[in-house]
Amino acid sequence: MEKLVHSLRNLDLAVPNGEQIVALIDADPRAEKQLAQQLAVPVRIELSEEDAGSAVMDAALMSGATEAMLENYNTTLKKETDMLVREVENLKKPIKLKRVPLKALLAAQDATIRRREVERAAGTSENGRVYIPRQIMDTEHTYCSERPLSELSRIDWDDLCAPKRFEHKYLLVQVASRLALYASCSFVGVTPNGGALPVSIAHFTPNLHLHGPELDALLPVGTKLLIREPYLSQHYLGVGGPITGDKGVVGVRVDTPSDVHVLDDDAPVLRGVTWTHDLDAPMPSDVLWRQEGPVSRAPSHAAPFISRERVQSAVRALLDQERPGAAWREVRAAERYGIWGASLEDTLLQVDVLLALGQYDQALERLQHAPDLEESVLQRRQAAEVALRLGRGGPSDTDLHEMFLCTLHDPTPRFAYAEYVGPVNVQDIPGAGRGLVLTRDVEEGELLLFCRAIGSAYAKDPACDGLPLLRCNPDVGVTSTTTQVLAATRCIHAILDRPELARIFLGLTAGPQTPCSRYVYEPYPLHKPAVSDVLEPVYVSAHYVNNVLRFNAFGPAAVPAAEAGNDPMSRSTMPHPLPAILNHACLPNVSSVFFGDFVTTRALHPLPKGTQIMHQYVQGELPYDARQAQLSKHGFICTCRLCALDVADGVEQRKRREEVFARDWPPLLERSRALFKGRADSEAHKDMAEALLAAASTLESTYAPTRGALRPDMVDVWYRVAMHVRQYDVPQAVRLARQSLEATGAVIEPFQPGKRHVSHLPDLHFDGAIRTPRGG
């Protein structure tokens with residue numbers, strides 16, 4: 001990707017946008033040629049009149065050159081894929097490592113860092129905006145250590161060979177170079193006996209913009225690390241690094257950050273260990289990556305002598321790093337040692353920690369004796385009170401309207417509100433795992449869930465804006481884009497910071513092909529637990545987290561404020577653990593609506609106690625076979641009422657219906673749009689309506705006579721006919737609009753003053769249902 005982008009920029013051509021980045025992974029030569037033509041457009045076009053004659057030839061030459069670049073890119077990608085496949089095969093025959101001089105590895109690392117800085121400079125426009133597309137690989141061949149350190153023994157450089165995963169072992173390394181960040185973070189490490197080798201840590205940080213001193217500060221030169229059950233790879237950058245083709249380098253590939261421990265000099269595992277290379281260890285307070293605060297880490301005899309100012313500084317830094325769990329543990333440790341005081345400054349900082357943790361009631365409790373006239377106190381008190389109000393009874397329509405308005409101007413909307421869990425409970429559902437079941441009767445439209453995402457990721461987050469990331473798998477092609485990758489990173493770090501979250505996140509299943517974590521077999525909590533005062537060890541498999549996101553995370557459309565057409569890179573990723581337990585039905589009985597990082601779930605109809613509430617994994621208005629194909633990754637066949645109706649129509653009739661929509665409908669739709677763009681008379685609209693009605697009649701004949709009005713495919717058809725008929729026969733247009741509404745599952749009663757006109761709300765196709773009365 002880097003070479004391709006560099007070559008395009010050298011020719012002053014357009015760099016691929018998000019949609020084109022995804023299209024790069026397409027084996028169809030025609031798609032490659034079309035993409036080459038799209039990219040072969042100069043960013044600056046300055047043609048004089050005499051040059052205009054050669055413009056066509058220049059365009060053809062540029063397109064050919066771009067096509068050659070794409071071919072070279074695909075060749076490199078193929079080599080990368082082959083390398084990953086070969087590495088799995090070579091696990092049976094690992095090769096002893098050859099020593100590489102530390103000086104040579106440091107020179108290579110410096111060259112990598114310079115290359116990153118050149119890319120950054122080239123990708124920064126005059127207004128300071130950065131645009132640097134990146135690509136990484138995905139593989140099922142990943143590792144996560146779940147053995148405690150007490151069960152492991154140490155190995156050193158002379159024991160290493162590759163490719164191999166060293167079970168029951170741990171490796172000590174000291175950071176010997178500056179850090180280089182792509183998607184993973186790489187550096188040169190040295191072992192105690194002087195062996196040097198590269199190390200790459202995937203999911204190192206969700207902030208892809210870190211570079212220079214700010215990045216190096218996370219793991220300064222001299223930091224000592226322990227890597228549990230290390231994996232020595234023939235291509236250590238193979239998961240989170242740039243694609244290099246067949247230029248793999250042997251090194252340690254860490255697939256999940258929980259396998260790495262930062263060590264203080266007095267760590268028990270370092271006793272008796274001598275280091276060949278004399279690298280000055282940094283001060284413990286200088287190491288920021290995954291470290292606890294100074295009081296939490298200090299031995300009991302030294303902790304009381306740590307200054308309050310140092311503790312406050314550490315708490316603020318931890319909050320800036322989005323590590324409220326570590327900040328809370330530092331505050332509690334400082335309280336135990338009498339370091340934390342009762343001053344307004346201490347109180348407000350502690351309240352900030354509690355607000356970040358979502359502990360709004362405790363925050364209000366801490367503010368009880370704070371002076372009311374202080375603006376800083378009032379702001380925090382109001383924030384906590386609003387958050388608690390929404391959590392106790394759910395948001396009002398006014399609250400939701402304000403949240404929606406926020407999404408219109410904020411491309412990364414996140415709300416600090418308490419969650420609301422209504423009359424539901426988690427139960428085991430025969431043949432369907434767990435699900436959510438009503439604990440009492442509920443009314444139509446009643447709010448059942450108001451839940452916030454864990455580790456939400458937006459394409460416009462400052463940490464990744466301008467750095468679109470594409471991850472592809474050798475077997476299946478594109479597997480995830482920017483926000484899906486970074487949501488995994490954010491979730492991993494959130495669980496490591498707050499181990500109590502492991503039960504609600506890792507308690508979700510990760511697809512039919514991935515063995516369940518141990519948390520899946522434990523009772524699932526309805527509410528997020530309070531933060532613990534003690535950091536407990538937790539093992540977080542990046543592979544498991546990735547698959548939880550793949551099978552359980554919501555991926556709503558782009559936030560309105562960040563709308564970028566159909567750009568697949570503009571979508572957000574939202575892991576909502578409790579709503580993720582909802583099982584699927586193409587014909588749901590609840591609707592889920594997103595407001596930033598919150599999702600609201602409401603009953604579509606009156607539902608009795610004991611009903612399992614179900615929502616859509618795929619849209620019910622899609623054809624039956626398309627729905628089942630999309631659901632196949634979950635390992636089940638849907639048999640909901642809508643699917644049963646589609647099955648009863650018969651295979652041949654469903655096929656005939658799809659053929660009409662594929663062959664006849666698109667040109668009719670195009671003609672219809674053209675009429676509304678122009679100034680067509682009523683006769684033209686009448687002709688168009690007759691053509692549409694003929695197609696509608698053919699489609700209607702594909703449904704079983706006993707099916708009833710529920711026909712999601714027909715919603716847009718009847719609505720389109722009504723739009724044209726309205727131009728010359730309004731009463732008939734109203735009748736057609738009614739048919740469109742009934743096709744969504746809505747039941748419309750004859751008009752009677754004082755009574756509801758719609759006695760049963762639409763089951764699906766909500767957009768069409770909302771607009772249909774307007775269209776009529």
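Because the structure is predicted, anything quoted here is derived from the model rather than measured.
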Given 3.5 Å as the limit, does a donor-acceptor pair link the side chain of Thr482 with the main chain of Leu469, or not?
yes
Contacts of type side-chain hydrogen bond (donor to acceptor under 3.5 Å, both in side chains), residue Asp264, not counting sequence neighbours:
Arg297
Can a side-chain donor-acceptor contact be found between Gln513 and Glu140 if the only test is distance below 3.5 angstrom?
no
Pairs of donor and acceptor atoms involving the side chains of residues 185-200, under 3.5 Å and at least two apart or interchain, shall be tabulated with distances.
{"residue": "Thr191", "atom": "OG1", "partner": "Asp156", "partner atom": "OD1", "Å": "2.7"}
{"residue": "Thr191", "atom": "OG1", "partner": "Asn193", "partner atom": "OD1", "Å": "2.9"}
{"residue": "Thr191", "atom": "OG1", "partner": "Gly195", "partner atom": "N", "Å": "3.3"}
{"residue": "Thr191", "atom": "OG1", "partner": "Gly195", "partner atom": "O", "Å": "3.4"}
{"residue": "Asn193", "atom": "OD1", "partner": "Gly195", "partner atom": "N", "Å": "3.2"}
{"residue": "Asn193", "atom": "ND2", "partner": "Asp158", "partner atom": "OD2", "Å": "3.1"}
{"residue": "Ser200", "atom": "OG", "partner": "Ser184", "partner atom": "OG", "Å": "3.0"}

Any side-chain heavy-atom pair of Gln350 and Trp328 under 4.5 Å:
yes
Minimum heavy-atom distance between Val295 and Ala334, given as atom pair plus value
CG1-N, 4.0 Å
Judged by atom type as modelled, is there a donor-acceptor pair below 3.5 Å linking the side chain of Asn547 to the main-chain atoms of Gly511?
no
For Gly248, does its backbone N or O pair with a side-chain atom of Gln234 as donor and acceptor, under 3.5 Å?
no
Using the side-chain contact (heavy atoms from CB on, under 4.5 Å) criterion, which residues pair with Asn546? Sequence neighbours excluded.
His203, Arg471, Ala488
Once rounded to the nearest 0.5 Å, what's the spacing between atom CG of Leu179 and atom CD of Glu214?
12.0 Å
Would you mind telling me which of His168, Arg147, Lys169 makes a side chain to side chain donor-acceptor pair (under 3.5 Å) with Glu229?
Arg147
Does atom NZ of Lys103 have more than 12 heavy-atom neighbours, drawn from other residues, nucleotides or ligands, at distances under 6.0 Å?
no
Closer than 3.5 angstrom, by distance alone: can the side chain of Arg329 be matched with the main-chain N or O of Val531 as a donor-acceptor pair?
no
Those residues that, when tested against Arg308, pass side-chain hydrogen bond (donor to acceptor under 3.5 Å, both in side chains) (two or more places apart):
Asp346
Distance-only, no hydrogens or angles: does the Glu522 side chain make a donor-acceptor pair with backbone N or O of Gly507 under 3.5 Å?
no
Examine distances only and state if a side-chain atom of Thr483 and a backbone atom of Tyr458 form a donor-acceptor pair shorter than 3.5 Å.
no
Between the main-chain N or O of Thr481 and the side-chain N or O of Gln484, is there a donor-acceptor pair closer than 3.5 Å?
yes
Hits for side-chain contact (heavy atoms from CB on, under 4.5 Å) against Ala281, two or more places apart or cross-chain, chain-then-number order -> Lys224, Asp265
Nearest heavy-atom pair of Asp497 and Gly325: which atoms, and what distance?
OD2-N, 2.7 Å
Is there a donor in the side chain of His493 and an acceptor in the side chain of Gln321, or the other way round, less than 3.5 Å apart?
no
Who passes salt bridge (charged side-chain N to carboxylate O under 4.0 Å, His left out) against Arg115, sequence neighbours left out?
none
Main-chain N/O of Phe204 paired with Trp289 side-chain donor or acceptor, under 3.5 Å:
yes
Do Val520 and Leu506 have side-chain heavy atoms sitting under 4.5 Å apart?
no
With heavy-atom distances below 4.5 Å as the criterion, would you say the side chains of Phe166 and Leu152 are in contact?
no
Would you please name every residue forming a side-chain contact (heavy atoms from CB on, under 4.5 Å) with Arg178, sequence neighbours left out?
Ile113, Asp216
Are Ile136 and Val239 packed together at the side-chain level, in the sense that at least one heavy-atom pair is separated by less than 4.5 angstrom?
no
Is there a donor-acceptor contact under 3.5 Å from the side chain of Arg228 to the main chain of Ser145?
yes
Please list, chain by chain and in numerical order, all residues satisfying salt bridge (charged side-chain N to carboxylate O under 4.0 Å, His left out) with Arg120, sequence neighbours excluded.
none
Between Gln109 and Thr112, does any side-chain donor sit less than 3.5 Å from a side-chain acceptor?
no
Lys/Arg-Asp/Glu bridge criterion (N-O < 4.0 Å) met for Arg114, Asp110
no
Given salt bridge (Lys or Arg N to Asp or Glu O under 4.0 Å), test Glu500 with Lys528 step by step and report yes or no.
CA-CA 8 Å; Glu500 63 275 5; Lys528 291 176 182 173; over 6 Å; no
Does any non-hydrogen side-chain atom of Pro206 lie less than 4.5 Å from one of Cys464?
no
How would you list, by chain and number, every residue that makes a side-chain hydrogen bond (donor to acceptor under 3.5 Å, both in side chains) with Lys164, sequence neighbours excluded?
none
In terms of side-chain geometry, is the basic nitrogen of Glu292 or Arg323 positioned less than 4.0 Å from the acidic oxygen of its partner?
yes
May I ask you to decide if Ala463's main-chain N or O and Asp461's side chain share a donor-acceptor pair within less than 3.5 Å?
no
Tell me every residue that passes salt bridge (charged side-chain N to carboxylate O under 4.0 Å, His left out) with Arg134, counting only those two or more places apart in sequence or in another chain.
none
Donor on one side chain, acceptor on other, Thr223 and Gln174, under 3.5 Å:
no
Could you pull out all residues at least two apart from Arg116 that satisfy side-chain hydrogen bond (donor to acceptor under 3.5 Å, both in side chains)?
Glu119
Please name all residues satisfying ring pair (Phe, Tyr, Trp, His ring centres under 6.0 Å) with His141, sequence neighbours left out, ordered by chain then number.
Tyr143, Tyr231
Are the side chains of Leu172 and Leu225 in contact, using a 4.5 Å heavy-atom criterion?
no
Mind checking whether Leu102 and His277 have side chains closer than 4.5 Å, heavy atoms only?
yes
Does a sphere of radius 6.0 Å around CD1 in Ile95 hold more than 12 heavy atoms from other residues, nucleotides or ligands, not counting ones at 6.0 Å or beyond?
no
Less than 4.5 Å apart, side chain to side chain, heavy atoms only: is that true for Tyr170 and His261?
no
